[in-house]
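I have placed the structure first, in the form of structure tokens, so that the comments after it can refer back to it.
Quick caveat, the model's predicted, so the values are computed rather than measured. Counting starts at 1 for both ligands and their atoms, in listed order.
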Amino acid sequence: MINHWINGQEYVSTSGKTLPVYDPALGIETNQVAIANRSEIDLAISAAKEAFPAWRDSSQAKKQNIMFAFRELLNNRKGELAEIITSEHGKVLSDALGEISRGQEVVEFATGMPHLLKGFYTENASTGVDVYSTRQPLGVVGIISPFNFPAMVPMWFYPIAIAAGNTVVLKPSEKDPSASLWIAKLFKEAGLPDGVFNVLQGDKESVDGLIESPDVESISFVGSTPIAQYIYENCAKKGKRVQALGGAKNHMLVLPDADLDLVADSAINAGFGSAGERCMAISVVVAVEPVADQLIPKIIERMAKLRTGDGRRGCDMGPLVTKAHRDKVASYIEIAEEDGAKVLVDGRNPHVDGEPNGFWLGPTLIDHVPTTSKVYTEEIFGPVLSVVRVQSFDEGIALINSGAFGNGTAIFTNDGGAARKFQYEVQVGMVGINVPIPVPVAYYSFGGWKNSLFGDTKAHGVEGVHFFTRGKAITSRWLDPSHGGINLGFPQN
Ligand code: NAD
């Protein structure tokens with residue numbers, strides 16, 4: 001059974017509640033994950049609470065040394081973690097390694113925390129009075145993560161939270177829970193004191209427990225939009241600090257002057273990488289006419305070369321995470337047919353290099369998708385790429401801006417003026433110019449607009465540091481023989 005990690009050790013759950021964990025490429029249950037009950041939730045939170053004062057008090061140098069040690073261990077042993085990710089999520093090994101590397105960048109960013117926490121100092125704001133500012137940790141912080149990046153998404157948060165002096169309760173996705181446990185063990189090896197990083201395996205009850213607890217100061221959530229909204233609203237009701245990143249529907253706008261080979265490669269990478277289970281995946285190609293008829297054959301030619309199969313066999317694209325998710329994604333292909341779209345490549349009966357019971361769906365391409373169809377309006381989260389044709393650049397921008405989500409988008413063009421207009425006008429948080437998946441590097445912040453992010457603070461970068469700390473401004477006067485005696489007014493000079 002996959003257990004919790006509480007106060008520096010594996011905690012064997014006695015809740016009696018478990019959920020199955022699958023190997024998606026084999027299509028079989030390989031393990032069970034514990035689902036925490038009330039007392040286990042309380043135990044994880046109180047371990048983090050007890051560890052907080054000493055961790056907060058430990059020097060910047062000590063915290064930094066532990067982050068450096070953790071980074072070294074992670075870098076040396078990331079292959080082990082990638083295998084765990086592939087066995088529970090299904091993504092191919094190279095992609096699992098890729099997500100670890102992107103997460104590791106946040107660890108590297110967090111090693112610079114002493115610099116990031118520095119405040120300002122103003123001498124003689126008033127005569128003999130100095131003013132300075134500092135940022136302090138919150139206390140216990142809760143992190144709730146989705147299935148699609150079992151290593152990277154938690155790493156958007158906990159390196160910064162921990163380096164800034166907080167203690168953490170992480171509730172990973174119940175679909176691929178082992179990566180977080182592996183990370184917890186690595187932190188212990190790196191010298192992190194017990195109780196600073198805890199992993200609580202669980203479901204809605206654990207999430208609600210973290211929101212309800214007066215000992216948890218903040219919630220960082222990543223997952224689907226309805227749950228993000230639920231978490232944001234419930235934290236807000238409690239006055240709890242919250243950042244809740246939700247779902248997405250990302251468009252790639254292709255202008256007729258674009259390099260179509262680059263566009264076709266990019267559409268393949270961004271549409272079918274990780275079997276489309278990325279919040280930054282491109283799911284709609286918006287082709288400004290007459291470009292679609294030239295572009296589509298190039299995309300189809302590349303799709304034919306993609307190998308779908310077991311991620312341990314060097315394939316390009318793995319299975320979907322569960323059978324239920326596979327079936328849900330496949331149902332959108334049926335909907336597309338019913339709504340009059342044209343299914344150009346149908347992934348429902350793919351040729352696979354893997355076990356027959358795996359949760360397979362091949363790359364799918366659908367043209368002439370009506371913008372009223374659920375295939376266009378809903379997040380599919382699978383290897384289904386839609387093409388929508390528009391008559392002009394302005395129509396393309398208007399279409400993208402009319403959507404409910406605002407996570408990522410990209411424009412492909414050789415026209416600098418068009419690219420500039422696009423980045424200026426588009427209502428989306430992360431924008432690529434001839435870059436299909438514009439995930440910001442760790443020292444910038446990750447997050448979308450609209451239904452893709454509830455709360456105003458994004459993940460990692462300076463905004464991440466801000467989220468996990470509270471600012472304080474100090475006004476100080478050390479008495480000297482010339483102090484001015486009683487004065488009931490504001491000091492002015
Ligand atoms: P999900 O919303 O089903 O689950 C996310 C987390 O919420 C999990 O830990 C899960 O256990 C918990 N959860 C599930 N149901 C809950 C409930 N009723 N109440 C409280 N908590 C609950 O999401 P998922 O399927 O794991 O992940 C895929 C989704 O995440 C997609 O919508 C994707 O776009 C989104 N995502 C967004 C980003 C982003 O940065 N915006 C990044 C990655 C994934």
Revision key, fill the gap. Across all chains, not counting sequence neighbours, the side chain to side chain donor-acceptor pair (under 3.5 Å) partners of E334 are none

Exercise for review: If the plane angle is over 60° it's perpendicular, under 30° parallel, otherwise tilted; pick one for Y22 and F359.
Suggested key: perpendicular

Exercise for review: Write out all pairs satisfying side chain to side chain donor-acceptor pair (under 3.5 Å) with one or both partners inside residues 455-465, taking only residues at least two apart or from two chains.
Suggested key: none

Practice item. Could you point out which residue of F221, F446, F467 forms a ring-ring contact (aromatic ring centres under 6.0 Å, His included) with W156? Key: F446

Exercise for review: Indicate whether the side chain of Y230 and that of D208 have a donor and an acceptor atom separated by less than 3.5 Å.
Suggested key: yes

Revision key, fill the gap. Residues at least two apart in sequence or cross-chain that pass salt bridge (charged side-chain N to carboxylate O under 4.0 Å, His left out) with R389, listed by chain then number, are E289, D293, D367

Point to revise | Atom-level proximity to ligand 1, residues with heavy atom under 4.0 Å | key: I144, S145, P146, F147, N148, W156, K171, P172, S173, E174, K204, V207, F221, V222, G223, S224, I227, L245, G246, G247, A248, C279, E379, F381, N407, F446, S452

